[in-house]
Amino acid sequence: MFGKVIRDIVKVIASGQSFLLTSHLNPDGDSISCETAMALFLEQLGQKKYVIANRDGCPAIYRFLPRARKIIKAARVSGTFDVALILDASDIQRTGNIIDLKTQVKKVIVIDHHLSALPFGDYHYLDRESASCAEQIYNVVKAGAKKLTQSIATCLYTGIVTETNKFQEANTNPAALRTAALLVEAGVDPCELGRRIYEENSLPQLKLLGASLSGLQVSHQGQVATAVVPRQLLRKTGAKVEHTEGIIRFARSLKGVKVAALLRQQNDGFKVSLRSQDQVDVNAIAVKFGGGGHKRAAGFFLAGSLTKVKKEVLLKISKQLSK
Ligand code: AMP
Ligand code: MN
């Protein structure tokens, strides 16, 4: 189905001379996996001139991945590039407008799997059915690589395992499992990788988790769980923004909860994350606030006080619950 665009992407990559790789704000395992695997793929094709830049850098837990140390944290990238590869980001705002595509880049390749994915480049490989963007990178690598190396496989497996939350989210499908199996055959050690990603939490991270869960609020007859991370909680526990990542899963794990919300204080408001069990479309809620994501995992930013943000978010959740 995507054969032509994948072949075109490989051709553009093979003929370019300089590359920018980027992904979305607060990059997750899938974002980092796509960038690092793509960097290794570029190297296989003899392409050494690339920059990997994210507005929020690379979370510490993924720094062990090959080439992750090349990821720079930058609000804005200067210079010009033959090709920009925008990975796992549904529009240019999601990268934090890290580059001006019109003046700084000759060709723009967009590879994404979000429901809100927009065709804003020259080449678009948008597969809203794909469980992870890493699987799309796998298809590109397979079409053009000389060899699926253990390093590339390790990066891509990280994307699949984190984006499916260890193969237990609703996006887990036969393709994700099949690709994961092929990556294990290519040399990935799932146990070792799982340990590095999930079993090396820091004390501040666990303290943050404990503190935010102790303030968990349950509403709507037990169907909604809301956790809040005020700025001072990060200061108090010594945790970083990236350590807020797993909190919402615990909120959603409460029996009877259909929608979990995490409100994380940021700038003049809150970054809101939503997760649902099967039934509720949280992307529809996020879109109403100018955000997006997937049916069961979505996010957005909302300016204002905690009271105002919580009220507005709970109201929209309420409406979506009754649909
Ligand atoms: P998060 O709540 O940040 O973990 O994000 C959940 C999902 O929604 C991920 O797939 C994100 O890429 C996506 N997402 C989060 N915030 C936004 C936004 N403002 N616009 C579009 N997609 C978003
Ligand atoms: Mn992502």
Salt bridge Glu245-Arg264, side-chain N to carboxylate O under 4.0 Å:
no

Parallel, tilted or perpendicular, as decided by the 30° and 60° cut-offs, for the rings of His294 and His113:
tilted

Could you tell me the separation between the CG atom of Leu274 and the CD1 atom of Ile317, rounded to the nearest 0.5 Å?
5.0 Å

Decide whether Gln277 and Lys258 meet the rule of one side-chain donor and one side-chain acceptor closer than 3.5 Å.
no

Nearest-0.5 Å distance, OG of residue Ser202 to CD1 of residue Ile61:
10.0 Å

Can you name the nearest heavy-atom pair linking Ala227 to Leu216, along with the distance?
CB-CD1, 3.9 Å

Is it true that a side-chain atom of Asp82 and a backbone atom of Gln17 form a donor plus acceptor pair closer than 3.5 Å?
yes

Could you check whether Gln104 and Arg76, counting side-chain N and O atoms only, form a donor-acceptor pair closer than 3.5 Å?
yes

Is Lys106 positioned over the aromatic face of Phe81, cation under 6.0 angstrom from the ring centre and no more than 45 degrees off axis?
no

What distance separates Asp112 CG from Ser90 OG, expressed to the nearest 0.5 Å?
5.5 Å

For the atom pair OG1 (Thr162) and CG (Asp30), what is the distance rounded to the nearest 0.5 Å?
6.0 Å

Going through the checks in order, is the ring-ring contact (aromatic ring centres under 6.0 Å, His included) test met by Phe19 and Tyr50?
CA-CA 5 Å; Phe19 301 83; Tyr50 63 81; 7.9 Å; no

Backbone N or O of Pro230 within a donor-acceptor pair of the Gln265 side chain at under 3.5 Å?
no

Does a side-chain N-to-carboxylate-O contact under 4.0 Å join Glu200 and Arg195?
yes

Starting from the C-alpha separation in whole Å, work towards a yes-or-no answer on side-chain contact (heavy atoms from CB on, under 4.5 Å) for Tyr125 and Ile137.
CA-CA 10 Å; Tyr125 173 16; Ile137 305 299; over 6 Å; no

Is the shortest distance from a Lys or Arg side-chain nitrogen in Lys308 or Glu312 to a carboxylate oxygen in the other one below 4.0 Å?
yes

Will you find, in the side chains of Ser132 and Glu135, an N or O donor that is under 3.5 Å from an N or O acceptor?
yes

Lys/Arg N to Asp/Glu carboxylate O, Glu35 vs Lys70, below 4.0 Å
no

Between Gly293 and His114, what is the shortest heavy-atom contact and its length?
CA-CD2, 3.9 Å

Using a 3.5 Å distance criterion without hydrogens, assess whether the side chain of Gln320 forms a donor-acceptor pair with backbone atoms of Val280.
no

Leu85 side, atom CG; Ile13 side, atom CD1 - distance, nearest 0.5 Å:
5.0 Å

Whether Asp281 and Lys295 form a salt bridge (side-chain N of Lys/Arg under 4.0 Å from carboxylate O of Asp/Glu) is what I want to check.
no

On a heavy-atom basis, the closest approach of Ser116 and Gly292 is OG-CA, 4.0 Å

For Phe250 and Leu213, the nearest pair of non-hydrogen atoms, with its separation, is CB-CD1, 3.6 Å

